[in-house]
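Here's the structure, in structure tokens; my notes come after.
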2 protein chains.
Amino acid sequence: MRSYDQYCAAARALDVVGDRWTLLIVRELLLRQPCRYTDLRQGLPGIATNLLADRLREMEANGIVTREVAAPPVATTLVRLTPRGEALRRVIETLGEWGEPLLRETPPGAAFRTYWLALPLERYLTDHEADRPPVTIEVRTGDDPVLVQTADGGAVRVRPGAAPDADATIQGSPRLVFELLMGEVELAAARKEGLEYHGDPAVLRRVQRVAVDDVA
Amino acid sequence: MRSYDQYCAAARALDVVGDRWTLLIVRELLLRQPCRYTDLRQGLPGIATNLLADRLREMEANGIVTREVAAPPVATTLVRLTPRGEALRRVIETLGEWGEPLLRETPPGAAFRTYWLALPLERYLTDHEADRPPVTIEVRTGDDPVLVQTADGGAVRVRPGAAPDADATIQGSPRLVFELLMGEVELAAARKEGLEYHGDPAVLRRVQRVAVDDVA
DNA sequence: CCGGATCCGGGTTGATACTG
DNA sequence: CAGTATCAACCCGGATCCGG
């Protein structure tokens, strides 16, 4: 990208991360670091392979990312964020916070990866009964499932994986699953629209976000 | 911009504000709202006039900006941020915070407007002697001067204008002025490099940021 | 299969000229 | 003052190909 050539911190930041795809590459790395070129590609539906290669080169030159050749058995190069790249987490979070209302008007066919839920869920969800034994919810939206788990201090953690013995299981479209967990839809209503929930509803309520009603 | 078409809040945000120049237009409006097309143009050195017109149209369609025809005497249209557009302030701030280290390596010829100082200065500076009578510093870097003033609650405010009776005056290159106020350079050192300071040095020290030394 | 490089058509940007 | 018109240069997306 051409520099804006302005003595302004925001403009300088955009010189470095304002290119198309760059911040989404950072998002992927925040979620799946360290990862291979191919992993990045499948986590960035729509990116052209040459663009990904270009961006990684630029990001490496800008000190956001490093590449390392993995040990012999793996024999692949892994991409990882530098501390400076990690610091972009706050930028992604702030952008996500601003963009959240736009999710409602996102077309149903939009691409999705279940592990993308980690950023918003870990940010907004809390364990409302932190003194009780931890629970695990398996979430499936079509691709690889993730586990939503209560952790120490009332935190909620999301990690890839399945658990046959999960306390509850949620399956449905990305939108239904997300809006359910975010407390924007009732379980009954979500079920009517095709969402499947197995397990004690109390498990869901334990982590579900308390609805923020902007209606007075 | 083409949509990323992903069900992800950050990607949706970038669909709307990820275009080149869009966030810098928001920056201008945050600082000088409401303002005319021409004001925007001169606050965005390097932008092509057709791009500015395009962006304003898109931003209006996306609910970030409104245009209003000013009352008869003025007879011009004014651009203003909607509340939704105002909410981008946090995005700009976070970007600026991340980009600040890059200012050190910004080429000396970079474009600058003195009022751009308002965002970082109001964020980082505090009045260290808030119980004493307020002070005003006039800052000049080549274009229209601004006033840095202590305000209630230990806050520091920046507004356009000059003040012949200011308690102090700073004049110099954008970099020298900024690094001096941010506590990255000593007054003596700055003077050696061409900065001019008139007034009691205690006035400067009263608002100057306490240097954050990352050297152990 | 992995990690790209190359090529090409089309869209976007930037510079300038021009206009109501 | 507030744009529109035009055009060249650049960037992006998609497809294909290629060496390990």
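In what follows, every chain begins at residue 1, and chains take the letters A, B, ... in the order their sequences are listed.
What separates CG of A:Leu52 from P of C:dG3 is a distance of 10 Å, to the nearest Å. Per the geometry, CD belonging to A:Gln42 stands 15 Å off C1' belonging to C:dG3, to the nearest Å. Between the CZ atom of B:Arg41 and the P atom of D:dC1 there is a distance of 10 Å, given to the nearest Å. In this entry the distance linking CG of B:Asp15 with P of C:dT12 reads 13 Å, nearest Å. Atom CG in A:Asp54 sits roughly 12 Å away from atom C1' in C:dT6 (whole-Å rounding). Between the CG atom of A:Leu40 and the C1' atom of C:dG4 there is a distance of 13 Å, given to the nearest Å. Rounded to whole angstrom, the span from the CD1 atom of A:Ile25 across to the C1' atom of D:dC12 amounts to 13 Å.
The cationic group of A:Arg27 lies under 6.0 Å from the six-membered ring centre of A:Trp116 and within 45° of the ring axis, placing it in a cation-pi geometry. A cation-pi contact links B:Arg84 to A:Trp98, judged by a cut-off of 6.0 Å to the six-membered ring centre and 45° from its axis.
Residues B:Arg113 and B:Glu28 are not in side-chain contact: their nearest non-hydrogen atoms beyond the backbone lie 4.5 Å or more apart. The side-chain heavy atoms of A:Leu24 and B:Gln6, taken from C-beta on, include a pair separated by under 4.5 Å.
When atom types are taken as modelled, the side chain of B:Thr82 and the backbone of B:Ile64 share a donor-acceptor pair closer than 3.5 angstrom.
In the helix from C:dC1-D:dG20 to C:dG20-D:dC1, the end axes, each obtained as the rotation axis mapping the C1' atoms of four pairs onto the next four within a five-pair block, lie 30° apart to the nearest 10 degrees.
Closest approach of A:Asp5 to A:Asp15, counting heavy atoms only: N-OD2, 4.2 Å. In terms of heavy-atom proximity, A:Arg67 sits nearest to A:Val79 at CG-CG2, 4.5 Å. Scanning all heavy atoms of the two residues, the minimum distance from A:Met182 to A:Tyr124 falls at CE-CD1, 3.4 Å.
Remark: B:Glu97 does not engage A:Arg90 in a salt bridge, criterion side-chain N to carboxylate O under 4.0 Å. Taking 4.0 Å as the cut-off between side-chain N and carboxylate O, A:Glu60 and A:Arg57 do not count as a salt-bridged pair.
Annotation: of the two residues near DNA chain D, A:Met1 and B:Asp39, the 5′-most nearest-nucleotide partner is B:Asp39.
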Nucleotide by nucleotide, nucleotides 14-20 of chain C touches protein heavy atoms under 4.0 Å in the pattern (B base, S sugar-phosphate only, - none) BBBB---
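Within residues 55-68 of chain A, the residues having any heavy atom under 4.0 Å from DNA chain C are, by residue number, A:Arg57, A:Arg67.
In this structure, a donor-acceptor pair under 3.5 Å is present between the side chains of B:Thr49 and B:Tyr37.
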